[in-house]
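The block underneath contains the structure these notes are about, expressed in structure tokens.
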Amino acid sequence: MKPEISVLQNGLRVVSLKYPQYETVSLGIWVKTGSACEQEDNNGVSHFLEHMVFKGTASRTAAEISEDIENVGGQTNAYTSREFTAFYAKMLKDDAELAVDVLCELITSPQFAEDELLKEREVVVQEIKQTYDDPGDIVFDYMQAQAFAGQAMGRPILGTAERVRSFGARELRQYMSTNYAAENMVFCAVGNIDHRSLVEMVKKRLGGLQPKTSFVADRQLYTGGYFAEMRDTEQAQVVLGFDGYSYVDDRYYAAMLMSTILGGGMSSRLFQEIREKRGLVYSIYSFPTFYTGAGFTGIAAATDNEQVNKMLPVIADEIKKIAEHPVSETELKRAKAQVKSAIMMSLESSSAVSEKLARQLLLFNRSIPIAETIRKIDEVGIEDIRNSATDIFSSRPTYALVGNIGGHCGYEELCAMLKAK
């Protein structure tokens with residue numbers, strides 16, 4: 001069954017995919033904005049807004065927002081990333097309109113009451129502190145800050161405690177007025193729901209939204225760099241990063257498959273060489289990250305502090321091998337099977353499908369058939385893998401480290417390892 005897509009007069013896209021055998025529906029509002037769309041002086045406002053809309057609307061208190069959904073057994077939540085913000089729910093099919101009503105109210109009539117602002121600022125500050133206290137979390141923020149230095153893309157999604165404590169109703173309303181517009185939003189539902197009925201529900205509630213955004217997104221330029229923080233920990237958290245590709249780059253699938261071969265599972269090169277053969281780590285993996293205008297390929301590892309200097313040369317060797325020599329047919333076939341099976345398994349979750357459809361509409365203004373995705377994966381050849389690895393790993397590296405860093409390889413030493421033949 002193919003998704004149905006309608007566009008309201010103000011430009012808001014409504015997409016649905018009906019699964020008549022389901023008794024439930026997953027639905028939500030996706031907005032193409034996040035921390036990468038902020039200015040330096042309001043860093044963290046996207047995430048704080050995501051919190052605050054749940055603290056009361058024109059017709060529901062904070063408690064009633066949760067109770068109205070949970071009284072009928074539904075679930076609701078939200079998230080903020082660097083380029084997307086989402087508000088979503090999962091309900092029994094007969095309660096879909098209730099979820100539409102609640103979700104739309106979050107966008108159209110949040111109240112931002114002063115007493116709620118005071119409380120929620122401190123809640124988010126606690127979230128910021130929790131992230132900082134976890135070396136395995138904060139190291140990724142440090143890596144991002146170096147990979148995209150001096151840009152919105154490099155700033156933390158949560159912002160800083162100082163910034164969050166400065167946000168009031170005026171800042172939140174200003175941000176909504178520039179970034180929350182119909183052209184920048186998708187309402188998506190997957191499950192047992194009629195498309196025509198959904199369109200009418202959404203039109204009634206969001207048809208009056210302003211059509212156009214008025215913000216200017218910051219540049220996205222990978223830079224690379226180094227950051228290390230001394231902490232008295234048993235393990236060192238290490239993340240390496242290299243330049244990558246955007247969502248629309250023709251090398252998207254080659255980069256994804258290359259990362260899978262390098263460190264995408266227990267059969268990957270990094271896992272086999274560094275954990276299984278040498279016992280240097282408990283956790284190591286690679287991950288491709290794609291944005292609208294840039295991207296990077298990362299390698300993350302956690303190991304005993306004294307093992308870092310043994311691990312890094314092995315990682316560098318594996319990087320050089322995949323960039324300089326063809327991968328085997330067996331490796332490429334296995335990587336394709338892993339990626340395709342992950343895609344097919346995700347189709348069994350209505351929530352995952354709704355997420356995928358909404359993002360596709362926001363990024364490409366169309367839904368991408370599974371057959372097209374599978375075809376592009378199958379078209380990737382051995383030489384495409386080597387070309388993408390050569391291109392990615394020839395870039396200036398990013399190196400972030402948290403742990404007892406005394407005596408560890410520094411940035412120049414890492415660069416020398418990567419260049420040495």
Side-chain angles (χ1 to χ4, degrees), residues 1-8 10-34 50 74-93 96-97 99-100 102-104 106-107 180-203 205-207 209 246-248 252-253 256 289-292 339-377:
M1 188 170 292
K2 295 174 61 176
E4 295 183 77
I5 303 170
S6 298
V7 182
L8 303 187
N10 60 1
L12 188 141
R13 285 154 290 182
V14 182
V15 57
S16 72
L17 181 60
K18 187 166 186 177
Y19 291 160
Q21 72 274 25
Y22 282 17
E23 292 298 318
T24 61
V25 59
S26 295
L27 67 174
I29 301 169
W30 278 261
V31 191
K32 193 179 178 184
T33 191
E50 174 229 307
Q75 306 164 1
T76 187
N77 212 330
Y79 71 81
T80 304
S81 68
R82 288 188 161 82
E83 295 192 289
F84 299 97
T85 306
F87 309 89
Y88 55 93
K90 187 166 186 177
M91 311 288 285
L92 295 175
K93 62 182 181 181
E97 186 161 13
V100 172
V102 171
L103 292 170
C104 291
L106 301 179
I107 303 300
Y180 276 61
E183 68 170 1
N184 213 35
M185 300 167 67
V186 166
F187 196 106
C188 183
V190 174
N192 198 337
I193 192 166
D194 176 72
H195 181 74
R196 185 176 299 180
S197 299
L198 175 66
V199 171
E200 289 305 312
M201 294 178 204
V202 176
K203 181 179 178 181
R205 295 163 175 85
L206 298 181
L209 278 180
S246 73
Y247 284 113
V248 298
Y252 175 95
Y253 291 103
M256 182 183 294
T289 300
F290 305 96
Y291 298 123
T292 57
V339 172
K340 288 190 288 188
S341 66
I343 292 170
M344 300 308 291
M345 289 176 187
S346 73
L347 298 179
E348 297 179 2
S349 164
S350 60
S351 299
V353 174
S354 62
E355 169 92 13
K356 176 179 68 71
L357 284 175
R359 284 179 175 245
Q360 287 177 351
L361 278 231
L362 289 171
L363 289 167
F364 309 109
N365 201 31
R366 70 184 183 101
S367 66
I368 300 175
I370 294 298
E372 179 180 333
T373 299
I374 299 301
R375 174 176 57 78
K376 288 185 176 181
I377 293 171

Cation-aromatic face contact Arg359/Phe84, 6.0 Å, 45 degrees
yes
If we only count heavy atoms from C-beta on, is the Val100 to Phe187 side-chain gap below 4.5 Å?
yes
Residues two or more places apart in sequence or in another chain: which of them pass side-chain contact (heavy atoms from CB on, under 4.5 Å) with Glu50?
His47, Ala78, Thr80, Thr85, Phe87
Would you confirm whether [X], through its side chain, and [Y], through its main-chain N or O, come within 3.5 Å as a donor-acceptor pair?
{"X": "Asn192", "Y": "Pro20", "value": "yes"}
{"X": "Arg13", "Y": "Leu361", "value": "yes"}
{"X": "Asn10", "Y": "Ala182", "value": "no"}
{"X": "Ser349", "Y": "Ser346", "value": "no"}

Assess whether atom NZ of Lys340 is packed by more than 12 heavy atoms of other residues, nucleotides or ligands within 6.0 Å.
yes
Minimum heavy-atom separation for [X] and [Y], please, with both atom names.
{"X": "Lys18", "Y": "Ile193", "value": "CD-O, 3.4 Å"}
{"X": "Ser367", "Y": "Leu357", "value": "CB-CD2, 3.8 Å"}
{"X": "Gly28", "Y": "Leu103", "value": "CA-CD1, 3.9 Å"}
{"X": "Arg205", "Y": "Glu97", "value": "NH2-OE2, 3.2 Å"}
{"X": "Gly191", "Y": "Tyr22", "value": "CA-CD2, 4.2 Å"}
{"X": "Ile368", "Y": "Gln360", "value": "N-OE1, 2.9 Å"}

Between Leu347 and the options Leu17, Val353, Val190, the side chain to side chain contact (heavy atoms under 4.5 Å, CB included) test singles out Val353
Could you point out which residue of Val25, Val14, Val15 forms a side chain to side chain contact (heavy atoms under 4.5 Å, CB included) with Leu198?
Val14
side-chain contact (heavy atoms from CB on, under 4.5 Å) between Met91 and Thr76: does it pass, once the steps are laid out?
CA-CA 9 Å; Met91 311 288 285; Thr76 187; over 6 Å; no
If we ignore angles and hydrogens, is there a donor and acceptor under 3.5 Å between the side chains of Glu83 and Thr33?
no
Given side-chain contact (heavy atoms from CB on, under 4.5 Å), test Trp30 with Cys188 step by step and report yes or no.
CA-CA 8 Å; Trp30 278 261; Cys188 183; 3.9 Å; yes
Drop me the distance from [X]'s [atom1] to [Y]'s [atom2], to the nearest 0.5 angstrom.
{"X": "Ser16", "Y": "Asp194", "atom1": "OG", "atom2": "CG", "result": "7.5 Å"}
{"X": "Thr373", "Y": "Met344", "atom1": "OG1", "atom2": "CE", "result": "10.0 Å"}
{"X": "Ser354", "Y": "Tyr88", "atom1": "OG", "atom2": "OH", "result": "9.5 Å"}
{"X": "Glu183", "Y": "Leu209", "atom1": "CD", "atom2": "CG", "result": "11.5 Å"}

Run the numbers on Val199 and Leu8 for side-chain contact (heavy atoms from CB on, under 4.5 Å), then give the verdict.
CA-CA 8 Å; Val199 171; Leu8 303 187; 4.0 Å; yes
Can you list everything that forms a salt bridge (charged side-chain N to carboxylate O under 4.0 Å, His left out) with Glu4? Sequence neighbours excluded, please.
none
The ring pair (Phe, Tyr, Trp, His ring centres under 6.0 Å) partners of Tyr252 (sequence neighbours excluded) come to Phe290
Working for side-chain contact (heavy atoms from CB on, under 4.5 Å), residues Leu206 and Ile29
CA-CA 11 Å; Leu206 298 181; Ile29 301 169; 4.2 Å; yes
Yes or no on salt bridge (Lys or Arg N to Asp or Glu O under 4.0 Å) for Arg196 and Glu200, after CA distance, side-chain angles and deciding distance?
CA-CA 6 Å; Arg196 185 176 299 180; Glu200 289 305 312; over 6 Å; no
In terms of relative ring orientation, are Phe364 and Tyr247 parallel, tilted or perpendicular, with 30° and 60° separating the classes?
perpendicular
